[in-house]
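To keep things clear, I will list the structure first and then write my remarks on it.
From a predicted model like this one, the values you see are computed outputs, not experimental measurements. Naming convention: chains lettered A, B, ... in sequence-line order (proteins, then strands); numbering from 1 in each chain.
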There are 2 protein chains.
Amino acid sequence: MPKVSLEQVLEEHKLFSLLTQEEKQSIIENSTHLLYKKGETICKQGAFANHIIVITDGLAKTYLEGSNDKNLIIDILKPVNWIGLSSVYNETTYNFSAATIIDSSICLIEKQTFIDILSQNNEFANQIIGKLCRNSKHFFNKITSLGNKQLHGRFADALLYLSNKVAKNPVIELSITRKEIGELAGISTESAIRLLSELNHDGIIKLDGKVITILKENLLVKLSQIG
Amino acid sequence: MPKVSLEQVLEEHKLFSLLTQEEKQSIIENSTHLLYKKGETICKQGAFANHIIVITDGLAKTYLEGSNDKNLIIDILKPVNWIGLSSVYNETTYNFSAATIIDSSICLIEKQTFIDILSQNNEFANQIIGKLCRNSKHFFNKITSLGNKQLHGRFADALLYLSNKVAKNPVIELSITRKEIGELAGISTESAIRLLSELNHDGIIKLDGKVITILKENLLVKLSQIG
DNA sequence: AAAAAAAAATACAATTTTTCATATTTAATG
DNA sequence: CATTAAATATGAAAAATTGTATTTTTTTTT
């Protein structure tokens with residue numbers, strides 16, 4: 001049983017503030033709200049996309065699976081957030097995978113219910129457009145990072161993302177592995193490990209197990225800019 | 001003077017088919033329709049985003065500028081298409097640049113006019129959501145290509161994109177340079193040139209100046225999959 | 001709590017890709 | 001139409017990054 005009820009999430013979170021009571025009721029009737037254990041797959045790239053996903057508790061990642069079993073993490077998502085909104089409207093299959101990083105509560109909403117709401121609630125539709133646009137900005141950052149930066153710049157981007165967008169704190173305490181940091185930066189696990197201890201040694205970050213503290217953000221920003 | 005009038009474009013193209021006559025009129029009154037010469041900048045990454053852009057004639061590219069003056073091409077756009085839709089809603093500055101590849105006609109619509117239409121025309125808003133979702137799919141492909149493929153896979157992806165999504169023909173006749181192909185694939189110009197003659201030599205493509213013909217698409221797909 | 005598995009750490013070898021240098025061809029400009 | 005600039009082409013050297021191997025540490029499972 002999820003810690004918080006779906007009813008409560010729908011009432012309290014700004015993600016749903018533009019919905020009418022009927023629309024919220026419709027979501028409750030046409031969705032499941034489940035506990036996922038750490039590491040479980042929420043949705044699988046290539047599988048039929050029948051649901052719109054919301055994370056209501058825990059921590060999750062969306063990622064792209066390469067044919068060479070190298071994954072690339074797109075987003076680390078805290079509650080309450082849509083997971084991979086972009087992939088479900090106008091698409092029959094998920095074009096990404098998602099999995100939990102820690103034990104999490106996940107709400108799966110019937111796709112058609114979501115589409116019906118979009119087609120009748122223009123304010124909500126505009127909110128979703130805004131969300132998709134902000135997503136796009138993140139994609140642009142990602143593409144810039146992967147496409148015209150090398151090791152150090154990419155790695156700095158990943159740390160800055162974790163600190164500024166996910167943890168929202170210089171102390172990154174998310175229980176993510178070095179492997180996942182590598183997959184987020186688009187570099188090998190070994191390189192991620194190497195760079196972590198390098199920056200730790202230089203006093204730019206502080207390492208304490210899985211907890212990473214950013215000490216000199218300005219230098220990371222510099223690294224990101226140099227590329 | 002653009003070859004085709006904006007009035008005609010608005011009447012005839014499916015991009016605008018969901019707009020009312022008043023909304024079309026509003027666009028006509030709140031936009032400019034201009035001829036751009038080959039190579040001109042349409043919008044500049046970082047500049048204030050006051051317009052929604054439509055290409056009505058010619059050929060254009062959107063690209064991300066790296067700090068090391070390496071560019072990365074996101075899209076090659078034929079008429080009639082939105083240019084960088086994702087960047088203007090909820091954003092104050094363009095997060096990409098766009099430029100013409102050949103002489104082109106460009107329509108610049110006042111941002112507020114566009115937003116007003118979105119807030120009053122739900123069907124149109126839903127069409128835009130669909131467009132943004134399809135854009136996202138393209139971004140995912142791009143990120144996969146850059147993030148977990150190497151030289152050959154990336155290059156194959158670029159050729160397949162040009163053939164299937166832009167030219168919509170095995171014969172790629174777009175007057176784009178080797179440098180631009182490199183920027184589209186995220187590889188150096190020299191590598192792009194080398195791979196072109198390599199594939200030409202192997203009979204997978206045929207080169208004739210700037211015209212590239214794909215002879216064995218299945219092998220390119222294979223290269224793309226291998227990574 | 002012990003055993004097994006996964007994650008982290010580090011050095012070195014191997015690979016991939018770019019950059020540099022230079023020549024030739026094609027396109028743009030006055 | 002001559003001149004300049006840009007684009008194409010190719011080889012060799014240099015740089016960047018990954019992969020392999022091995023050890024230690026941490027986490028998970030029994």
Side-chain angles (χ1 to χ4, degrees), chain A residues 37-40 66 68-73 99-103 145-158 172 174-201 205-212 223 226-227, chain B residues 37-40 66 68-73 99-103 145-158 172 174-201 205-212 223 226-227:
Chain A
K37 290 216 194 69
K38 170 183 178 176
E40 281 195 277
N68 47 355
D69 90 286
K70 262 180 64 178
N71 294 334
L72 217 135
I73 294 177
T100 50
I101 293 177
I102 59 176
D103 292 356
S145 192
L146 294 170
N148 43 35
K149 296 187 186 182
Q150 48 198 46
L151 214 59
H152 297 262
R154 286 188 196 189
F155 183 73
D157 284 340
I172 302 167
L174 298 167
S175 57
I176 63 172
T177 64
R178 310 295 200 247
K179 177 154 178 268
E180 283 169 326
I181 294 174
E183 289 177 348
L184 182 63
I187 62 180
S188 68
T189 306
E190 290 88 340
S191 291
I193 291 170
R194 252 186 293 267
L195 287 172
L196 277 175
S197 40
E198 201 178 294
L199 295 195
N200 181 48
H201 199 268
I205 62 173
K206 187 163 81 68
L207 285 181
D208 181 17
K210 289 216 187 331
V211 182
I212 303 165
L223 280 178
I226 292 171
Chain B
K37 290 214 195 70
K38 171 184 177 171
E40 281 196 278
N68 47 356
D69 91 284
K70 263 180 63 179
N71 294 334
L72 216 134
I73 294 177
T100 51
I101 292 176
I102 59 177
D103 294 355
S145 191
L146 294 170
N148 41 36
K149 295 188 188 181
Q150 48 198 48
L151 213 60
H152 297 261
R154 288 188 195 188
F155 183 72
D157 284 340
I172 302 168
L174 297 166
S175 57
I176 63 173
T177 64
R178 311 293 200 247
K179 178 154 178 269
E180 284 169 324
I181 295 175
E183 290 178 348
L184 182 64
I187 61 179
S188 69
T189 306
E190 289 90 339
S191 290
I193 291 169
R194 252 186 288 268
L195 286 171
L196 276 174
S197 40
E198 199 177 296
L199 296 195
N200 181 46
H201 199 268
I205 62 172
K206 188 164 78 70
L207 287 180
D208 181 16
K210 289 215 188 329
V211 182
I212 303 165
L223 281 179
I226 292 171

Say whether, by atom type as modelled, one donor and one acceptor occur between the side chain of B:N148 and the main chain of A:K70 under 3.5 angstrom.
yes
Are any side-chain N or O atoms of B:R154 and backbone N or O atoms of B:K149, one a donor and one an acceptor, separated by less than 3.5 Å?
yes
So which heavy atom on B:I212 is nearest to which on B:I181, and how close?
CD1-CD1, 3.6 Å
Just how far, in rounded Å, is P of C:dT17 from CZ of A:R154?
11 Å
State, yes or no, whether a side-chain contact exists between A:I226 and A:H152 at a heavy-atom distance under 4.5 Å.
no
Distance, nearest 0.5 Å, that separates OG of A:S191 from CD of A:Q150
12.0 Å
Excluding sequence neighbours, so at least two apart, what forms side chain to side chain donor-acceptor pair (under 3.5 Å) with A:T100?
none
Between A:E183 and A:K179 (salt bridge meaning N to carboxylate O under 4.0 Å), is one present in this structure?
yes
Report, one pair per line, the protein and nucleotides 26-30 of chain C atoms (nitrogen or oxygen only) whose separation is under 3.5 Å.
| unit_1 | atom_1 | unit_2 | atom_2 | d |
| --- | --- | --- | --- | --- |
| C:dA28 | OP1 | B:K38 | NZ | 3.1 |

May I have the distance from A:H152 (atom NE2) to D:dA16 (atom C1'), rounded to whole angstrom?
9 Å
Counting only side-chain N and O atoms of B:T177, is one of them less than 4.0 Å from OP1 or OP2 of D:dA7?
no
For the helix from C:dA1-D:dT30 to C:dG30-D:dC1, figure out the bend between the end axes, five pairs an end, and round to 10 degrees.
60°
Locate the shortest heavy-atom distance separating B:F155 from B:A185; write the atom from each residue and the value.
CA-CB, 4.1 Å
Length of the line joining A:D208:CG and C:dA7:C1', which is rounded to integer Å:
16 Å
d(CG, B:L146; P, C:dT16) in whole Å
19 Å
If we ignore hydrogens and angles and just use 3.5 Å, is the side chain of B:D103 paired with the main-chain N or O of B:K38 as donor and acceptor?
yes
Numerically ordered, the residues 180-188 of chain A set in heavy-atom contact under 4.0 Å with DNA chain C is none
Partner residues of A:I101 under the side-chain contact (heavy atoms from CB on, under 4.5 Å) criterion, sequence neighbours left out:
A:L59, A:K61, A:I76, A:I176, A:E180
Is there side-chain contact between A:I172 and A:V211, with heavy atoms separated by less than 4.5 Å?
no
Please check: side-chain N/O of B:D157 versus main-chain N/O of B:S145, any donor-acceptor pairing under 3.5 Å?
no
D:dT18 P sits how many Å from A:K70 NZ, rounded?
7 Å
Mind calculating the distance between CD1 (A:I101) and P (C:dA6) to the nearest angstrom?
18 Å
Between B:E198 and B:L195, is there a side-chain heavy-atom distance shorter than 4.5 Å?
yes
Would you call B:L146 and B:L72 a side-chain contact if the rule is heavy atoms closer than 4.5 Å?
yes
Taking CG from A:L151 and P from D:dG19, how many angstroms apart are they, rounded to a whole number?
12 Å
From CD of B:E198 over to P of D:dT8, roughly how many Å is that when rounded to an integer?
18 Å
Give every pair of a protein N or O atom and an N or O atom of nucleotides 9-13 of chain C that lie under 3.5 Å apart, one pair per line with the distance.
| unit_1 | atom_1 | unit_2 | atom_2 | d |
| --- | --- | --- | --- | --- |
| C:dA9 | OP2 | A:R178 | NE | 3.0 |
| C:dA9 | OP2 | A:R178 | NH2 | 3.3 |
| C:dT10 | OP2 | A:S197 | OG | 3.4 |

